[in-house]
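In what follows, a structure is listed as structure tokens, so that the remarks can point back to it.
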Amino acid sequence: MKELAINGGNPVFTKPFPTWPIYGEEEEKAVIDVVRSGKWGGTNRRLLPELEMKFSQMHEADFAIPVTNGTLGITVALQASGVEPGDEVIMPPYTFIATASSALLFGAIPVFADVEEDTLLMDPDKVEAAITEKTKAIVTVHLAGASSDLTRLKQIANNYGLPLIEDAAQAIGTEWKNKKVGAIGDFGTFSFQSGKNVTSGEGGMILTNDEELADTAWSITNVGRIRKGKWYQHERVGWNLRMTEFQAAILLAQLGRYKGQLEKRQNNARLLDQSINEIEGIKSIESYKETSAHSYHLYMFRITDAKERGIDKTEFSKRLTGEGIPVQNGYVSLNQNMAIVNEIEKRTGRKYLNHCPISEKAANEEVLWLPQNVLLAEEEDMTKIKFAIDKVIHSFQR
Ligand SMILES: *Cc1c(COP(=O)(O)O)cnc(C)c1O
């Protein structure tokens, strides 16, 4: 048995993984051009319309509204869908906190529908079971870049007359049945935060195919103005949630790199799927067969029955990090996140009870992931990741 690196052995992986973001002359020139144009946005627009066009075309959507970030993108989509303070919004618990805080920002109440064991995506049966007369929207998350079951979720949303919002922050380029996600529901929202697969440091985008919803979302992000109205004509209370030209410039350049990066991530993820599933006690997180393209913002895997086998996830990830693999422990299940629970209790005045055993087990005991930049390394590095995981899991069996 090889000695673990944290105990003084040789680490499996010694060279650094690709840093993120990846940039070059295109980005530099684009930003200088913005400076010199004197049009710096968000109402002084030169590149933003081009970004709206490119991004909506890329996702087969009719309308795109740029925003300051992905969190506020969800908030705006909820508000434009008619969600009010006190209304309930169904969403998965295994996601970034922003999926829930975007609703709590204006007093809407998250209700968590547990995820499926194999995919960690929101279970449509649990969504249907969670619907009450207070439910005013469903937010689904395309976790890690794997599409949630949009066919069934859309059907449920239609049956109950509820808007369906896709939190596609991790899913730029993801497809469901050969169609890009983002405008399959009523709204889709994206994030360009610094770790995301396409980034401008911060930023977000809202997509929809519905002109009226697009106009409402635009108005909310533009201090309540209407598209053809006067400057000081405010038809509702909205906020300044606009993106700048600097962000648009960087994003247009980053989109030029996206396709090649996506193919690399997908190829390396395939290699990891093949190799790490050979390790006894390790299983990659699955995606539906209808997911015709997975954007791989994260590569997720599970230590199966970790608790029963006496493997502590935190200790596992500490040992794997020691081997040179930048593994992450992942989310706290939002139904167990005290910041979220306290806020919900404050808003509703009731004790909070919402158990999500599958999400809790994934978060607390079993699921780990690798960030997208790891998937931009070389093919042979994927083999080393397998060796490192193998070495660490065997270290628990001594
Ligand atoms: C990143 C992320 C967000 C929030 O986006 P920001 O741009 O950071 O506000 C929301 N939901 C999910 C699933 C995310 O990964």
Side-chain angles (χ1 to χ4, degrees), residues 20-21 51 55 64-79 89-106 108 110 112-113 115 119-122 137-148 150 153 164-174 181-182 185 187-207 217 220-221 239 241-244 246-248 250-251 254 265 285 287 294-300 328-335 337 339-340 359 362-363 367 369-373:
W20 185 257
L51 176 68
F55 201 81
I65 300 117
V67 278
T68 47
N69 59 53
T71 309
L72 288 166
I74 307 169
T75 301
V76 170
L78 288 168
Q79 292 192 335
V89 179
I90 296 174
M91 62 180 67
Y94 196 75
T95 177
F96 185 54
I97 191 170
T99 312
S101 55
S102 66
L104 285 163
L105 183 72
F106 67 103
F112 300 109
V115 295
T119 62
L120 300 181
L121 296 164
M122 188 162 68
I138 300 169
V139 177
T140 186
V141 178
H142 302 315
L143 185 75
S147 179
S148 49
L150 286 171
L153 289 169
L164 176 66
I165 295 161
E166 300 173 54
D167 177 353
Q170 305 182 356
I172 296 173
T174 294
V181 301
F187 275 115
T189 61
F190 294 81
S191 165
F192 307 121
Q193 174 267 347
S194 53
K196 294 299 186 333
N197 291 20
V198 172
T199 180
S200 48
E202 300 290 353
M205 189 71 81
I206 303 171
L207 297 181
I220 294 170
T221 59
W239 295 270
L241 304 177
R242 291 184 297 262
M243 184 186 271
T244 67
F246 296 101
Q247 289 161 294
I250 298 265
L251 288 171
Q254 288 280 300
R265 289 188 193 105
I285 301 303
S287 54
H294 188 316
S295 71
Y296 286 106
H297 175 61
L298 304 167
Y299 183 87
M300 295 186 159
Q328 296 176 356
N329 254 346
Y331 303 127
V332 172
S333 189
L334 291 183
N335 65 302
N337 178 314
I340 294 292
S359 170
V367 173
W369 69 59
L370 303 167
Q372 51 91 7
N373 62 302

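Every number for a ligand or one of its atoms is a count from 1 in the order of the listing.
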With a cut-off of 4.0 Å, which atoms of ligand 1 are near a heavy atom of [X]?
X	result
Ala169	2 (C), 3 (C), 10 (C), 11 (N), 12 (C), 14 (C), 15 (O)
Ser191	1 (C), 5 (O), 6 (P), 7 (O), 8 (O)
Thr99	11 (N)
Thr95	13 (C)
Gln193	7 (O), 8 (O)

Any heavy-atom pair between the side chains of [Y] and [X] that's under 4.5 Å?
X	Y	value
Ser191	Lys196	yes
Trp239	Gln79	yes
Met205	Leu251	no
Glu202	Phe192	no
Thr95	Val115	no
Gln254	Ser200	no

Check this for me - ligand 1, [X], N or O atoms closer than 3.5 angstrom, yes or no?
X	result
Glu202	no
Lys196	yes
Gly70	yes

Worksheet item: Is Asp167 touching ligand 1 with its side chain, its backbone, both, or neither, if touching means heavy atoms under 4.0 Å apart?
Response: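 It is the side chain that touches ligand 1; the backbone stays farther off.
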Worksheet entry | Under-4.0 Å heavy-atom contact with ligand 1, by part of Asn69 that carries it |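 Both backbone and side chain.
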Worksheet item: Using the ring of each side chain (for Trp, its six-membered ring), is Trp369 parallel, tilted or perpendicular to Tyr94, with breaks at 30° and 60°?
Response: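 Rings of Trp369 and Tyr94: perpendicular, over 60°.
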Worksheet entry | Expected output: side-chain Thr75 to main-chain Ser102 donor-acceptor under 3.5 Å |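 Checking the backbone N and O of Ser102 against the side chain of Thr75, a donor-acceptor pair under 3.5 Å is found.
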Practice prompt. Look at atom 9 (O) of ligand 1 and say which protein heavy atom is nearest, naming residue and atom and giving the distance to 0.1 Å.
Written response: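 That would be Thr71 OG1, 2.4 Å.
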Discussion item. Can you report which non-hydrogen protein atom sits closest to atom 15 (O) of ligand 1, along with the distance?
Written reply: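 For atom 15 (O) of ligand 1, the nearest protein heavy atom comes out as Gln170 NE2, 2.9 Å.
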